[in-house]
Protein chains: 2
Amino acid sequence: MTHANNVAPLFRDIAKVEHEHHLACQSCALYRLCLPLGLHSDDLARLDKIIKRSQSLSRNQSLFNYLAPFKSIYVVRSGAFKTTISASNGREQVTGFYFPGEFIGMDAIHSQNYQSTAKALETSSVCELPFERLQEFGAAMPQLQMQMMSRLSKELSSDKSLMVLLGKKTAEEKMATFLVSLSRRFQDRGFSATEFQLSMSRSDIANHLGLAVETVSRLLGRLQDGQLVHFEGKSVTIEDLEALQKLCG
Amino acid sequence: MTHANNVAPLFRDIAKVEHEHHLACQSCALYRLCLPLGLHSDDLARLDKIIKRSQSLSRNQSLFNYLAPFKSIYVVRSGAFKTTISASNGREQVTGFYFPGEFIGMDAIHSQNYQSTAKALETSSVCELPFERLQEFGAAMPQLQMQMMSRLSKELSSDKSLMVLLGKKTAEEKMATFLVSLSRRFQDRGFSATEFQLSMSRSDIANHLGLAVETVSRLLGRLQDGQLVHFEGKSVTIEDLEALQKLCG
DNA sequence: CAGGGTTCTTGACCTGGATCAATGTAAACT
DNA sequence: AGTTTACATTGATCCAGGTCAAGAACCCTG
């Protein structure tokens with residue numbers, strides 16, 4: 001930005017931009033799910049200014065790579081992402097799928113390097129929150145800090161649930177749990193709980209659940225035969241959500 | 001505590017108590033690993049005052065139970081803990097083991113209810129950090145907030161590693177990873193990296209790693225036959241840490 | 001230190017889901 | 001249109017690790 005130039009018309013332009021900017025978070029469809037929730041409007045305006053908005057990524061493009069230096073936390077704005085960690089032999093674990101309003105990269109705060117690789121599953125966009133700037137606000141906006149911790153805590157608790165899934169559940173329970181969790185998350189975002197698109201491949205699902213692709217394919221077939229769900233390529237219709245919930249274990 | 005009584009000798013007693021209190025965190029053997037690290041000494045004194053210290057628990061006693069209302073985060077002072085979550089059919093997953101300097105209960109910040117049950121594995125003590133009081137300090141001590149986030153982030157990243165373990169590793173790799181991780185954590189705490197006690201039962205280990213007790217027993221036997229480690233009941237001697245690390249995958 | 005419980009080890013057997021293999025489908029590029 | 005390459009389904013076979021069973025070693029507590 002160039003030096004301010006004190007002629008009246010320019011001032012008004014700046015004011016207008018500021019105002020539109022101020023609205024960006026408030027008018028966002030994800031506001032209800034997002035970080036700024038509960039901030040005072042002047043705090044929100046300050047936060048708004050440091051957010052780098054609407055960076056767009058196409059399918060398979062990386063948002064960041066494993067061990068890259070940590071600079072920002074990202075919030076999914078549209079589309080979907082997966083994060084992966086690799087063990088040896090090129091084995092990879094899909095550690096999570098991320099949908100609009102969800103945060104990516106928080107596990108890098110401690111080590112200051114991203115601990116996973118994040119890839120877009122389809123054309124997607126994110127809001128970037130430069131972490132240093134966020135910290136500068138810390139003292140002035142304790143609610144913001146609290147929101148951040150709450151987010152971290154939420155991911156922690158869903159990771160623990162995933163441990164139960166990976167460690168204790170059968171293939172069928174895993175599959176049912178996955179579908180119910182997707183349904184829940186779509187509903188939270190104002191979409192249908194019973195009809196949605198799977199943006200990830202069968203092999204991503206299998207990997208995430210600790211199963212083989214073939215097993216996922218068979219399980220989906222079985223659930224379809226049992227009239228619990230209907231698949232048509234990537235699109236899913238849940239026909240008996242209650243029954244599916246009972247299968248979760 | 002009774003009302004202050006302004007005679008000189010009592011004053012001196014109070015001053016002395018305050019001073020000792022001030023030292024409690026600084027003189028703690030775990031200071032280097034703990035939350036107050038990096039705080040200014042006056043901030044430290046304030047933090048010191050809200051910490052409820054040295055609560056003692058005996059073997060199998062619960063620190064908190066699943067779904068109990070969240071009030072405090074705990075730091076292990078001595079001994080060891082495990083946390084568990086239950087699926088249906090009474091199946092339980094041991095989600096973590098916690099040693100001195102490590103934090104328990106952070107996954108409850110979001111939901112305001114503990115998301116797991118924490119039990120002492122041996123006679124243990126904790127420092128209790130009442131979360132509301134901690135929050136009150138937030139604005140005044142941004143470093144403290146930052147430390148908290150860093151802690152949360154660290155647990156997040158170790159949970160992701162556990163996902164790789166549960167989802168992708170073989171029984172042998174799991175076992176090796178577990179032993180190496182214990183070794184590392186004991187070393188960080190100033191203990192021997194090669195000789196330590198397993199405070200948890202075989203069945204807790206098995207459960208945590210997503211294995212059957214019998215498999216753990218066989219694996220430990222096999223590692224012992226291969227001269228990598230030596231077991232004598234609960235005590236372990238790692239004889240070839242490097243080889244063990246190679247087995248982690 | 002006897003005895004009743006719990007935890008640990010070891011062996012024999014079994015199975016859920018992995019792996020291998022072959023074919024089907026469908027999007028992406030000539 | 002046809003060709004390539006990736007993804008998905010289905011069947012046949014296999015095996016790592018689970019389950020069952022039976023002792024052995026280790027507690028506790030009286």
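Every chain is numbered from 1 and lettered A, B, ... according to where its sequence line falls, protein lines coming before strand lines.
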* Structure fact -> Sorted by chain and residue number, the salt bridge (Lys or Arg N to Asp or Glu O under 4.0 Å) partners of B:Arg185 (sequence neighbours excluded) come out as B:Glu102
* Taking atom P of C:dT7 as reference, at what distance in whole Å does atom CG of B:Leu198 sit? -> 15 Å
* Calculate, to the nearest 0.5 Å, the distance between atoms CG and CD belonging to B:Leu57 and B:Glu122 respectively. => 11.5 Å
* To do: Write down the distance between CG (B:Asn60) and C1' (C:dG5), rounded to a whole number of angstrom.
  => 14 Å
* Nearest-Å distance for atom pair CG/P, residues A:Leu220 and D:dA8 -> 10 Å
Report all side-chain donor-acceptor pairs from residues 225-233 of chain B shorter than 3.5 Å, counting only partners two or more places apart or in another chain.
{"unit_1": "B:His230", "atom_1": "ND1", "unit_2": "B:Gln224", "atom_2": "OE1", "d": "3.2"}
{"unit_1": "B:His230", "atom_1": "NE2", "unit_2": "B:Glu232", "atom_2": "OE1", "d": "3.2"}

* Asked: When rounded to the nearest 0.5 angstrom, what distance separates CZ in A:Arg202 from NZ in A:Lys234?
  -> 6.5 Å
* Asked: What is the distance from atom OG of A:Ser86 to atom CD of A:Glu92, rounded to the nearest 0.5 Å?
  -> 5.0 Å
* Asked: Can you find a side chain N or O atom of B:Lys234 that sits less than 4.0 Å from OP1 or OP2 on D:dC26?
  -> no
* Asked: Quick one: B:Arg202 CZ to D:dG18 C1', roughly how many Å, whole number?
  -> 19 Å
* Rounded distance (Å) that lies between atom C1' of D:dA16 and atom CG of B:Leu219 -> 11 Å
* **Length of the line joining B:Asp225:CG and C:dT10:C1', which is rounded to integer Å** => 12 Å
* Are B:Phe196 and B:Phe191 near enough that their ring centres are under 6.0 Å apart? -> no
* Check the distance between C:dC8's P and B:Met200's CE and give it to me in whole angstrom. => 11 Å
* Structure fact -> When rounded to whole Å, the CD to P distance for the pair B:Glu122 and C:dT7 reads 16 Å
* Asked: Within the structure shown, what part of the strands sits under 4.0 Å from B:Ser217 by heavy-atom distance: base, sugar-phosphate, or nothing?
  -> base
* To do: Mark up nucleotides 12-30 of chain C, 5' to 3', with B wherever a protein heavy atom is under 4.0 angstrom from a base atom, S wherever such an atom reaches only the sugar-phosphate, and - elsewhere.
  => B----SSBBB---------
